[in-house]
Amino acid sequence: MQALAWALISFEVASILVQPLLAMVLTASNPVGERFIAIGVSSGSVMALVTGGVLRVLAWVMDEARKLEEDLAGTV
């Protein structure tokens with residue numbers, strides 16, 4: 001679950017960074033004053049980032065529970 005959370009967060013951060021770079025590359029040949037960088041964040045991107053964060057927290061909680069269970073199994 002941890003890998004899924006990090007993959008989702010990484011994908012959304014990359015997609016947010018790609019949009020301005022793509023706009024810059026596509027308008028690089030325009031004359032000065034007509035070049036631009038467009039930055040946009042959609043609600044789907046925000047929702048994916050929130051979902052990734054929730055998955056990350058759930059993975060952390062489950063890992064801590066596993067550590068506690070291992071500790072209790074070793075106690076006599």
Side-chain angles (χ1 to χ4, degrees):
M1 189 178 320
Q2 245 178 4
L4 176 65
W6 283 119
L8 188 59
I9 291 169
S10 300
F11 179 76
E12 288 305 320
V13 167
S15 70
I16 290 171
L17 294 176
V18 164
Q19 290 176 352
L21 292 174
L22 183 61
M24 187 175 68
V25 167
L26 291 175
T27 60
S29 62
N30 289 353
V32 176
E34 293 184 18
R35 300 176 191 157
F36 67 94
I37 297 176
I39 300 173
V41 179
S42 68
S43 61
S45 293
V46 172
M47 190 61 162
L49 286 171
V50 169
T51 303
V54 168
L55 285 175
R56 178 69 185 107
V57 168
L58 284 173
W60 173 74
V61 168
M62 290 174 64
D63 190 43
E64 290 296 318
R66 179 192 54 81
K67 288 178 186 176
L68 284 172
E69 183 66 30
E70 287 176 356
D71 188 37
L72 287 175
T75 305
V76 176

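Given the structure is predicted, the values throughout are model-derived calculations rather than measurements.
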Please name the pair of heavy atoms, one in Leu8 and one in Gly52, separated by the smallest distance, quoted to 0.1 Å. CD2-N, 3.6 Å
Strictly distance-based, threshold 3.5 Å: is any side-chain N or O of Ser15 a donor or acceptor partner for the main-chain N or O of Glu12? yes
Following the transitive rule for hydrophobic clusters with a side-chain heavy-atom cut-off under 4.5 Å over Ile, Leu, Val, Met, Phe, Trp and Tyr, establish whether Met1 and Val57 coincide in one cluster. no
All heavy atoms of Ile9 vs all of Leu49, minimum pair found to be O-CD2, 4.0 Å
Residue pair Arg35 / Thr27: nearest heavy atoms and the distance that separates them: CG-O, 3.1 Å
Under a 4.0 Å threshold between the charged nitrogen and the carboxylate oxygen, would Asp71 count as salt-bridged to Lys67? no
Rounded to the nearest 0.5 Å, what separates atom CD1 in Ile39 from atom CG in Leu17? 9.5 Å
When you group the ILVMFWY residues by side-chain heavy-atom contacts below 4.5 Å and let the links chain together, are Val13 and Val41 in the same group? yes
CG/Leu58 to CG/Asp63 distance, rounded to the nearest 0.5 angstrom? 12.5 Å
I'd like to know if Leu55 and Met47 are part of one continuous hydrophobic network [Ile/Leu/Val/Met/Phe/Trp/Tyr, side-chain heavy atoms within less than 4.5 Å]. no
Between Ala59 and Gln2, what is the shortest heavy-atom contact and its length? CB-CG, 3.7 Å
